2 protein chains.
Amino acid sequence: MPTGNKKKNQLVPEPALRRMPCYLSYLKLAQKEGMKHISSTFIARDMGVDPTQVTKDLSYTSIVGKTRVGYEVEPLIEELESFLGFTVVDEAYLFGVGSLGTALLHDHGLKQFGLKVIAAFDVNPEVVGKTIEGVPIYHIDEFKNKNRTGAIIGILTVPVGNSQEVTSIMVEGGIKAIWNFTPVTIKVDDDIVVQNTSLYAHLAVMFNRLKVKSSSSK
Amino acid sequence: MPTGNKKKNQLVPEPALRRMPCYLSYLKLAQKEGMKHISSTFIARDMGVDPTQVTKDLSYTSIVGKTRVGYEVEPLIEELESFLGFTVVDEAYLFGVGSLGTALLHDHGLKQFGLKVIAAFDVNPEVVGKTIEGVPIYHIDEFKNKNRTGAIIGILTVPVGNSQEVTSIMVEGGIKAIWNFTPVTIKVDDDIVVQNTSLYAHLAVMFNRLKVKSSSSK
DNA sequence: TCTAATTAAAGAATATATTCTTTATTAAAA
DNA sequence: TTTTAATAAAGAATATATTCTTTAATTAGA
């Protein structure tokens, strides 16, 4: 049996992981206002969530709070950033320089959170050869050669019909994690990480909630 | 007690709602290939999910399948699109024309899924007065006047520090649903719908899964 | 016409996530 | 030094979502 912290190997629940960047941005604001310590009850009240959920979520990191004092703001921020992988910058390729792909290339916020797009790939001759925000766009056939540099993260923003095909190309070329912005459920081996972020799925949830609210208020 | 379909008033689970656009894009591809009928087991096998989950998810819509045949593709597509609110185009305002806001304005995919940005607001004199992809950008002070036209959906892409402030302005101006792209937990009254879509939260989940995978494979 | 195989749908069982409760700790005040 | 109040943390209870099981329907084939 391997030694080491059991927590490191156990899977952190996705809902908890998704909340962590919220704590992080909240803590950064608190730090700006000069706060040195902050308690879970305080965070919870401010953010409108359950206090025990805050402590449970934060317990997945290696930070421990102090009774009657709370957490030290600065170390907690540092721990969260490193725990979430925001401190080291990973390189990524983007596949599909259409409307959404172009949009993402314009967002430099990604680099701040540890992801730097170093090249993009497409088949459209109108975009191949150009650069967007300093990122060169190559024909997808060049991907296998280019991947010598070893990016293991791929951003998938191709049209729905090409999703699975491009996914296969990505995996064959050594991509280990796919950030999938298409609404397609792509199929990959177990060793490949897939993160689905379909904006339209979120839009669907919003429309539904809005519909339910407006029909119940009548 | 009100009459009418009980299902319409009961909240559809968010996970189910998020999967629906996936079914939709899958069905559209199937339709292109000439399929008229499709069974839940077939969909499930193709998408790598549980067959009963497919039927359960689809049962929230008013479509029923036929035993030994499955669902009719075309009516199912139509029902899903209308159920998800993709058939009618809602108008929206975008708040914060920074990096991410600009990016979203470039994505015309949104209109296709029922959301049309008709105006954007910011305070930066460098962008105020310009247009991006045909969308005019106004100073946020002009929001209250502009909102006579009655958009009730707002897209929030301001910097973290201004999130809550701009949220209040949005709600005061009549916004009923906020698509929040900031990692901040904004506070609003119960009657306002908030849909959180923090790209960085998804990034965090991906980094974590990648870390776990790479550490367990050694 | 009858039988067998396939399927949707409903409900039960399981798994997962969230919230509640208790306990032990400890800083601050008496 | 002692007491009190506030807190983190662990585990139990609850709520939620997913998966499994059963049932009934019905089409295709014998």
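Any value given below was found using the heavy atoms of this structure, including those in side chains, with hydrogens, waters and symmetry copies removed. In what follows, chains carry the letters A, B, and so on, assigned in the order in which the sequence lines appear, proteins first and then strands, with residues in each chain numbered from 1. Computed from a predicted model, the values in this text were never measured in an experiment.
- Atom CG in A:Leu76 sits roughly 16 Å away from atom P in D:dT7 (whole-Å rounding).
- Annotation: of the two residues near DNA chain C, A:Lys66 and B:Thr52, the 5′-most nearest-nucleotide partner is B:Thr52.
- At a threshold of 4.0 Å, the pair A:Glu81-A:Lys28 counts as salt-bridged, since one of the basic side-chain nitrogens sits closer than that to a carboxylate oxygen.
- The CD1-P distance, from A:Ile63 to D:dT7, rounds to 18 Å in whole Å.
- Checking side-chain atoms of A:Lys211 against main-chain N and O of B:Gly85 turns up no donor-acceptor pair under 3.5 Å.
- When heavy atoms are screened at a 4.0 angstrom cut-off, B:Thr41 is found touching the sugar-phosphate backbone but no base atom.
- From B:Ile175, atom CD1 reaches atom CZ of B:Phe143 across 4.5 Å, with rounding to the nearest 0.5 Å.
- For B:Tyr71 and C:dA9, the shortest distance from a side-chain N or O to OP1 or OP2 is below 4.0 Å.
- Nucleic acid contact class of B:Lys56 (heavy atoms, under 4.0 Å, all strands): base.
- The side chain of B:Arg68 approaches C:dA5 more closely than any other nucleotide in the set D:dA8, C:dA8, C:dA5.
- Distance CG (A:Asp50) to P (D:dA15): 14 Å, rounded to an integer number of Å.
- In this structure, CD1 of B:Ile38 is placed 16 Å from C1' of C:dT6, rounded to the nearest angstrom.
- For A:Tyr60 and D:dA9, the OH to P distance is 13 Å, given to the nearest whole Å.
- Between A:Gln53 atom CD and D:dT7 atom C1' there is a gap of 18 Å when expressed in whole angstrom units.
- Across all non-hydrogen atoms, the minimal contact from A:Gln164 to A:Lys187 is OE1-N, 2.8 Å.
- If you check D:dC20, C:dT6, D:dA8 against the side chain of B:Thr67, the one that comes closest is C:dT6.
- The separation between B:His37 atom NE2 and D:dT27 atom C1' is 12 Å, rounded to whole Å.
- Proximity of A:Arg19 to the phosphate of C:dT18: a side-chain N or O atom is located under 4.0 Å from OP1 or OP2.
- Of the candidates C:dT19, D:dT19, C:dT18, C:dT18 carries the atom nearest the A:Pro15 side chain, counting heavy atoms from C-beta on.
- For C:dA17, neither phosphate oxygen OP1 nor OP2 lies less than 4.0 angstrom from any side-chain nitrogen or oxygen of A:Arg18.
- Side chains of A:Thr102 and B:His106: no donor on one and acceptor on the other come within 3.5 Å.
- If you measure from atom CG of B:Asp57 to atom C1' of D:dT19, you get 12 Å, rounded to the nearest angstrom.
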